[in-house]
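Read the structure below first, then the notes.
Along the sequence shown, the residues carry numbers beginning at 1. Keep in mind it's a predicted model, so treat the numbers as computed, not measured.
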Amino acid sequence: PNAAALAAVDGWRGWPAGRLLLLGPAGAGKSHLAEVWRAETGAALVQGAGLTVDQVPGLGGAVVVEAAEGVAGTPAETALFHLINLLAAQDGRLLLTARAPVRNWGLRLPDLSSRLLATAVARIDPPDEALLAAVLVKHFADRQLSVSPTVIGWLVPRMERSFAAAADLAARLDAAALARGGPVTRALAAEMLDSAGRPGEDG
């Protein structure tokens, strides 16, 4: 599901107008892809809401703006507009990450809006079952928690198909297993899913 986004980031030398907007839900891996790109290009990193006009002259070559929708309705809109112009003049590269399309940001600066609407977009789609299983395994491993492949295989088709849900479920299972002093079992997994409500259930 993230192959197209990865290919788009890898093709940074050919980005139209030198810009790419990476869209995806929370926990989708936008920051990870941005870090991979930073490692390759030495790009500077700024947060959208924290970008200031004073910062812009010191940025150049390659820049990542994380959570770019955070500029909306703030002085950071003007700063991002100037940054786009600066990088365009330098033939630089700009990678932006966001959860929502530009049209939903609520931008007030028309010139910035027009430039961002013209920016190439790469989307990270919701994970398929294989990727979701791998993400769950990673979250459990990060918590030094060993969970059997049988339990992972049981969980994946029954849980919400999102990266954020995988992170939340791993955290709740870790806490529950620790509180009970036992392993993560299918019964415990079923209990956690039922307490949160299965996908598609009311309430």
Identify whether [X] and [Y] are in the same connected component of the hydrophobic contact network (ILVMFWY, side-chain heavy atoms under 4.5 Å).
| X | Y | answer |
| --- | --- | --- |
| Leu193 | Phe140 | yes |
| Ile124 | Val36 | no |
| Val121 | Leu117 | yes |
| Leu169 | Val137 | yes |
| Leu33 | Phe163 | yes |

Mark yes or no for whether [X], through its side chain, and [Y], through its backbone, hold a donor-acceptor pair below 3.5 Å.
| X | Y | result |
| --- | --- | --- |
| Lys138 | Ala133 | no |
| Arg172 | Met192 | yes |
| Arg19 | Arg115 | yes |
| Trp105 | Pro101 | yes |
| Trp15 | Ala8 | yes |
| Arg93 | Trp12 | yes |
| Gln90 | Gly60 | no |

Does any non-hydrogen side-chain atom of [Y] lie less than 4.5 Å from one of [X]?
| X | Y | value |
| --- | --- | --- |
| Leu51 | Gln55 | yes |
| Leu155 | Leu173 | yes |
| Val64 | Glu66 | yes |
| Val63 | Leu95 | no |

* To do: Give a yes or no on whether a salt bridge exists between Arg161 and Glu129, defined as a side-chain N under 4.0 angstrom from a carboxylate O.
  => yes
* **Salt bridge Glu191-Arg180, side-chain N to carboxylate O under 4.0 Å** => yes
For residues [X] and [Y], report the shortest heavy-atom separation together with the two atoms involved.
| X | Y | value |
| --- | --- | --- |
| Ala100 | Asn104 | CB-CB, 4.2 Å |
| Val135 | Ala166 | CG1-CB, 3.9 Å |
| Gly106 | Glu77 | O-OE2, 4.2 Å |
| Pro183 | Leu188 | O-CD2, 4.0 Å |
| Leu109 | Phe81 | CD2-CB, 3.9 Å |
| Leu87 | Gly61 | CD2-N, 3.7 Å |

* Output, in order, the C-alpha distance, side-chain angles, deciding distance and verdict of side chain to side chain contact (heavy atoms under 4.5 Å, CB included) for Thr97 and Leu23. => CA-CA 6 Å; Thr97 71; Leu23 284 182; over 6 Å; no
* To do: Evaluate the side chain to side chain contact (heavy atoms under 4.5 Å, CB included) criterion for residues Thr185 and Val151: first the C-alpha distance (whole Å), next the side-chain angles of each, then the deciding distance (0.1 Å), finally the verdict.
  => CA-CA 7 Å; Thr185 62; Val151 174; 5.5 Å; no
[X] [atom1] to [Y] [atom2] distance, which is reported to the nearest 0.5 Å:
| X | Y | atom1 | atom2 | answer |
| --- | --- | --- | --- | --- |
| Leu107 | Leu80 | CG | CG | 8.5 Å |
| Leu59 | His82 | CG | NE2 | 13.0 Å |
| Leu22 | His32 | CG | NE2 | 11.5 Å |

* Ile84 and side-chain contact (heavy atoms from CB on, under 4.5 Å): which partner among Val56, Val65, Leu116, Leu96? -> Leu116
* Assess whether atom CZ of Arg99 is packed by more than 12 heavy atoms of other residues, nucleotides or ligands within 6.0 Å. => no
* **Residues His139, Asp174; criterion side chain to side chain contact (heavy atoms under 4.5 Å, CB included); working and verdict** => CA-CA 10 Å; His139 282 302; Asp174 183 22; over 6 Å; no
